[in-house]
Amino acid sequence: MAPLPFDSGLSAAGGPPWPRGSALLTNSLLNKGTAFTERERDALGLRGLLPPRVFTLEEQVSRVLGNLRRKESPLEKYIFLTTLQNRNETLFYRLMQDYAEEMIPLIYTPTVGQACLEYGAIFRRPRGLFISIRERGRIAEVLRHWPVTDVRMIVVTDGERILGLGDLGALGMGIPVGKLALYTACAGLHPAYGLPITLDVGTDNASLRADPSYLGLPHARVRGTAYDDFINEFVAAVREVFPRALLQWEDFGNTNAFRLLQENRPRLCSFNDDIQGTAAVAVAGLLAALRETAGNLADQRLLFLGAGEAGTGIADLYVAAACSEGMPEAAARARCWFVDSEGLVVRNRPGRPLAHHKLPYAHDHAPLRTLAEAVEAITPTVLIGVSGQPSTFTPAILRRMAELNPRPVVFALSNPTSQAECTAEAAYVETQGRVLFASGSPFPPVTLGGRTYTPGQGNNVYIFPGVGFGALACGAREITDAMFLAAARRLAALVTSEDLALGRIYPALTRIREVSLELAIAVVAEARKDGLSTIALPADPRAELTARRFEAVYREYV
Ligand code: NAD
């Protein structure tokens, strides 16, 4: 077994004495299946428990790949991969690494959306911890049930805003499980270090509550003080039981997400991927797109559809980026406009008071009801969809963007694919191929007028694995917005002129390991600059970080 990549003691899977016999075969971190050598079979009590022929990892990869490709639907492939992950993680991650472009959409968006919707039906075996509000008063005890004592990365959701699919309650577990798999596949976090957690406080999804096979607590969401007390106890328990863990808040509803991040940042090294990770990937895409339009940040007018975690997170990071280039903050904020479910976000809008996170972007303007009206009034250079509302970037709106701009920038970031504000095809067709386009979930290439455009995937997978890995490697005391900005800049710089020529404003997913390493190095540099690093690394940490990555290869146990 590879030594754990951080300076830890042993974890449950960390070293000898190895479990023997069937206990070894059912330990997914150690199991090699048919690849156990003759010597290992004799020494570890495996003789007879496996068919006689010994296979190499490469031969196993080719067999599982063939089996996977014979499955007809993405959901069947998801189930197949989950089962493989539960059986043999080395083989699972070898497949993930070698076929990243094919595998990431299967274990993450868009397939994970379908998997969450059907999590109850496809549930085979639990992965991660389900902590329900009934466990109030003993959350630390529940955390101690996890078999690994040295957890370093926790991804936690309460299932209230799963992708653009809304409240899925306990079924949201697919998201933390998938994100942790990406931490390993993309950045090289050792799989033993990751802990997926779902906090179950009930669900406001009436159809789930009425479903007899629903896996979670079938009552309305607990809110208010009881919810806050539950979260506070959870945070305190994490600090007590896993003091070295970094925590990623994931897919919380926006009434809680901003608050939880602000309240807990000072006491727990944590970040919210929907707010900060999305922001970094979108700003990176914008910076790469500006290389094509020859524009600069200060000259843009950004119009967002959706004023939630993703939208205002992106705007905040745009403001930080523009300020760092010398633009006054107020001027940068004035460049960002939002349309939410009630129309253009403006100061003194009649109706419900604006949520706190929208106030910095509520400018003086007459109220407008629709996105089309807002496009006319604001004449944006950049249109960003983060509303979870499909087909809202209509052909007319896309055509108008192309009339207003020689190279309009359009990001349809809502996930999964079914929720995207427009398809890649619509974006290219309606702008005669002039658009600089990115989507949250992948779309196939589009051929138009003899040219093929490969749309970029503006997905957080480019950001959080590298940021988290870098922060863990240097023992960052805090994850700052400056780290996300550094990651965004580095990501944009990794986009090649060949990518841009294909219409792609992100690097190919096949480069995700390299990309994540580069971002981790950028985060380490940022942490050092701000005095937040607690683990000494060489001046150039590249070799050290490379060596710490989990490699999906088999080790000899005897
Ligand atoms: P959120 O719930 O915080 O915000 C959603 C916003 O959309 C709210 O402001 C709401 O008012 C607005 N909205 C809802 N219906 C609308 C309508 N009909 N017209 C205009 N606005 C409307 O959610 P979020 O975290 O900001 O996520 C939004 C979407 O972005 C989701 O689909 C999510 O999957 C996607 N997202 C993508 C990525 C990525 O990597 N590409 C990352 C994070 C979020």
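We count ligands from 1, going down the list as the structure has it; atoms in each ligand are counted the same way. Values in this document were obtained by computation on a predicted structure and should not be read as measured data.
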Candidate pair Leu261 and Phe252, rule side chain to side chain contact (heavy atoms under 4.5 Å, CB included), full reasoning: CA-CA 10 Å; Leu261 179 64; Phe252 283 72; over 6 Å; no
What's the shortest heavy-atom distance between Tyr318 and Leu297, and which atoms? OH-O, 2.7 Å
Looking at Phe550, Phe469, Phe464, which one forms a ring pair (Phe, Tyr, Trp, His ring centres under 6.0 Å) with Tyr183? Phe464
What do the steps show when you test Glu526 against Arg490 for salt bridge (Lys or Arg N to Asp or Glu O under 4.0 Å), and what is the final call? CA-CA 12 Å; Glu526 200 60 40; Arg490 191 74 196 104; over 6 Å; no
Not counting sequence neighbours, which residues clear side-chain hydrogen bond (donor to acceptor under 3.5 Å, both in side chains) with Thr203? List them please. Asp167
Return yes if a side-chain donor-acceptor contact under 3.5 Å exists between Arg511 and Thr496, otherwise no. no
Neighbour list for ligand 1 [protein residues, heavy atom under 4.0 Å]: Arg161, Leu163, Gly164, Asn254, Thr278, Leu305, Gly306, Ala307, Gly308, Glu309, Ala310, Val339, Asp340, Ser341, Val386, Ser387, Gly388, Gln389, Leu413, Ser414, Asn415, Gly440, Gly458, Asn459, Asn460
